[in-house]
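One structure below.
Values below: all heavy atoms of this structure, side chains included; hydrogens, waters and symmetry mates excluded. Counting convention: from 1, in listed order, for ligands and their atoms alike.
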Amino acid sequence: MNNSPLPPDEARALIFNRVAPLDFETLPHAAVLGRVLARDVVSPLDLPPFPNSAMDGFALIAADLENAPQGLRLVETIGAGEVAAHSVERGTCIKIMTGAPLPEGADCVVMREETRELDSWITFAEAAHAGQHVRPRGDDVRMGETVLGRGTVVSAAGHAMLASLGCAQVEVFRRPRVGIVATGKELVDVDAPLQPGQIRDSNSWALRALVESCGAEVVSVHRTGDEPREVEAVLRALAPSVDCILTSGGVSAGDFDPVRDVLLQHAQVHFWKVAMKPGKPLMFASLDDTPVFALPGNPVSVMVGFEEFARPALFQMGGRRAWKRIEVEARLQSDLHSPKGRTEFVRALLKRGEDGFLAIGTGDQGSGRLSSMVRANALLEISSDTTFLPAGSSVRAKLLDDAAFEIGAL
Ligand code: AMP
Ligand code: MG
């Protein structure tokens with residue numbers, strides 16, 4: 001193990017070397033929204049499967065309207081889901097609704113709004129061209145075309161597409177199963193009265209939410225005190241039944257940091273300490289074969305550590321192709337000081353102004369201040385060699401969630 005703090009990118013590279021996509025499972029269509037496709041989806045058919053009308057109007061032969069205005073005889077009316085009983089002959093038309101198959105003989109559709117109807121006699125004001133308002137067969141998707149790639153998350157549109165293609169059973173990656181262990185004898189439940197020296201456990205709630213936001217499954221959440229033996233017993237019991245363990249607290253240099261002691265003694269430690277702020281004491285280890293992310297206890301550090309390391313790992317295990325958060329350029333609202341030698345992740349509220357994003361600091365950046373995280377929708381990544389950036393500087397901001405942006409005055 002390397003003992004000096006690793007740059008975050010090197011730490012992540014070590015993690016990527018040790019985690020791989022899990023196996024597949026086949027699920028019914030209704031169950032795969034939000035899941036990750038394990039195979040490319042190749043279309044078994046043309047979409048639309050037949051040429052059809054893009055408008056409510058009249059199907060006819062364009063050549064019949066060469067000398068428009070022109071009247072044509074109406075022979076039939078069809079809606080979506082119906083097939084015309086007649087074909088369109090010269091001098092005739094068929095009234096057609098959006099989505100109905102184009103009748104034999106017809107080569108175009110004229111919008112209803114551009115016609116006058118008198119009993120069975122329809123008058124068309126203007127000429128038309130072949131193909132007008134017709135959606136040809138295969139216009140959207142061609143048979144044999146790869147429509148969705150392996151490793152993509154099934155979105156609303158993707159789920160709709162799978163339905164269109166008739167994919168009743170879909171192969172997806174198994175969701176990573178994750179165990180969470182919060183350590184610290186000061187911790188109590190959300191509904192417990194606080195005795196002197198106690199605080200409520202908030203990290204396990206942050207981790208639970210973050211794990212689920214990755215499409216992974218929280219199998220169990222445990223809380224331990226600061227006894228190495230207790231921590232070891234919980235980790236050993238958990239390891240065989242999960243794909244990954246996340247711990248919080250007990251991994252720095254204090255007298256009562258049991259996760260550090262247990263992993264150093266019983267696990268294969270790949271790194272401990274990352275050159276970042278917050279979240280420097282962060283260990284990545286394998287206990288038997290189970291990856292363990294030992295995240296720091298401070299409420300901000302645990303979340304930033306998750307973002308930088310556990311999220312990419314869970315995405316990789318879950319088979320996702322993309323793991324990077326969306327980044328945008330933003331301008332600093334105020335001066336920013338940053339430590340040398342460590343990448344800093346600054347919590348910020350991005351607002352959208354007329355000429356781009358403005359990054360507003362969310363107050364004191366102490367790693368214990370959960371309130372600075374609550375107000376943030378982005379992390380600014382400040383490189384290790386930057387110590388000062390004046391207001392107005394351009395910075396890279398990683399978006400933290402799907403929240404919409406407030407429009408702010410710049
Ligand atoms: P540690 O890394 O265990 O020394 O914890 C660092 C700080 O984070 C201490 O102030 C802890 O009380 C706090 N802390 C640790 N675990 C949690 C937790 N699960 N929820 C809230 N705060 C925590
Ligand atoms: Mg602790």
Side-chain angles (χ1 to χ4, degrees), residues 3 5-6 11 178-213 218-235 238 242 244-267 269 271-285 287 292-311 342 344-345 347 362-376:
N3 253 327
L6 285 180
V178 181
I180 294 172
V181 183
T183 71
K185 74 170 177 211
E186 71 277 29
L187 304 175
V188 296
D189 279 337
V190 60
D191 55 356
L194 292 180
Q195 303 301 328
Q198 294 184 330
I199 56 168
R200 298 201 176 90
D201 165 24
S202 61
N203 290 351
S204 60
W205 297 102
L207 289 176
R208 195 191 271 267
L210 291 169
V211 166
E212 283 173 1
S213 77
V218 176
V219 175
S220 57
V221 180
H222 307 261
R223 212 164 59 222
T224 73
D226 289 324
E227 280 301 321
R229 228 178 257 165
E230 184 192 2
V231 172
E232 185 192 344
V234 169
L235 293 181
L238 199 51
V242 295
C244 168
I245 296 175
L246 304 177
T247 67
S248 110
V251 73
S252 57
D255 283 350
F256 310 107
D257 279 332
V259 178
R260 171 201 64 198
D261 295 340
V262 168
L263 293 179
L264 283 175
Q265 204 181 336
H266 300 286
V269 175
F271 64 78
W272 178 32
K273 292 178 184 165
V274 183
M276 64 190 264
K277 181 188 174 204
K280 183 171 158 216
L282 189 153
M283 191 182 275
F284 176 56
L287 182 66
V292 182
F293 292 86
L295 302 168
N298 274 308
V300 175
S301 312
V302 72
M303 294 185 74
V304 173
F306 182 95
E307 280 305 318
E308 291 304 303
F309 306 109
R311 178 183 296 279
R342 290 204 270 165
E344 186 175 13
F345 297 96
R347 279 78 76 200
T362 58
D364 187 305
Q365 296 286 303
S367 59
R369 299 176 71 118
L370 190 51
S371 58
S372 71
M373 198 76 199
V374 167
R375 286 194 288 269

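- A heavy-atom separation below 4.0 Å is not found between Gly184 and ligand 1.
- In terms of protein heavy-atom proximity, atom 17 (C) of ligand 1 is closest to Asn203 ND2, 3.2 Å.
- Between atom 15 (C) of ligand 1 and the options Gly297, Gly250, Ala253, the minimum heavy-atom separation is to Gly297.
- For atom 21 (C) of ligand 1, the closest non-hydrogen atom on the protein side is Ser202 OG, 3.3 Å.
- Legend: residues meeting side chain to side chain contact (heavy atoms under 4.5 Å, CB included) with Asn298, ordered by chain and number and at least two apart, are Ser301, Ser367.
- The main-chain N or O of Gly297 is never found under 3.5 Å from a side-chain atom of Ser248 such that the two would form a donor-acceptor pair.
- For a threshold of 3.5 Å applied to N or O pairs, the pair formed by Ser204 and ligand 1 contains no separation below that value.
- The side chain to side chain contact (heavy atoms under 4.5 Å, CB included) with Val181 is formed by just one residue from the set Val234, Leu246, Val292; it is Val234.
- Not a single heavy atom of Gly254 lies less than 4.0 angstrom from ligand 1.
- Side-chain contact, His222 with Ser220: a donor N or O sits under 3.5 Å from an acceptor N or O.
- Judged by distance alone, with hydrogens and angles left aside, the side-chain atoms of Glu230 form no donor-acceptor pair with the main-chain N or O of Thr224 at under 3.5 Å.
- In this structure, the side chain to side chain contact (heavy atoms under 4.5 Å, CB included) partners of Thr362, at least two apart in sequence or on a different chain, are Arg347, Leu349, Gln365, Ser372, Arg375, Ala376.
- Heavy-atom distances between Arg223 and ligand 1 stay at or above 4.0 Å for every pair.
- Just one of Val262, Thr247, Asp257 meets the side chain to side chain contact (heavy atoms under 4.5 Å, CB included) condition when paired with Val231; it is Val262.
- Inclusion of Ser252 in the set of residues having an N or O under 3.5 Å from an N or O of ligand 1 is not warranted.
- For atom 12 (O) of ligand 1, the closest heavy atom belonging to the protein is Glu186 OE2, 2.5 Å.
- Closest heavy-atom approach to atom 10 (O) of ligand 1 within the set Val302, Val188, Asn298: this belongs to Asn298.
- Scanning Val251, Asp201, Asp255 for the heavy atom closest to atom 19 (N) of ligand 1 points to Asp201.
- At a 4.0 Å heavy-atom cut-off, ligand 1 touches Ser248 through the side chain alone.
- Tested against Trp272 for a side chain to side chain contact (heavy atoms under 4.5 Å, CB included), the candidates Leu282, Leu263, Val251 yield a single pass: Val251.
- Among protein heavy atoms, the minimum distance from atom 4 (O) of ligand 1 is reached at Asp257 OD1, 3.9 Å.
- Counting non-hydrogen atoms of other residues, nucleotides and ligands closer than 6.0 Å to CD of Glu227 gives a total of 12 or fewer.
- At a heavy-atom cutoff of 4.0 Å, ligand 1 is contacted by the backbone of Arg200 but not by its side chain.
- Applying side chain to side chain contact (heavy atoms under 4.5 Å, CB included) to Met303 and the options Leu207, Leu295, Leu370 leaves one that passes, Leu370.
- The atoms of ligand 1 that sit less than 4.0 Å from any heavy atom of Ile199 are 12 (O), 21 (C), 22 (N), 23 (C).
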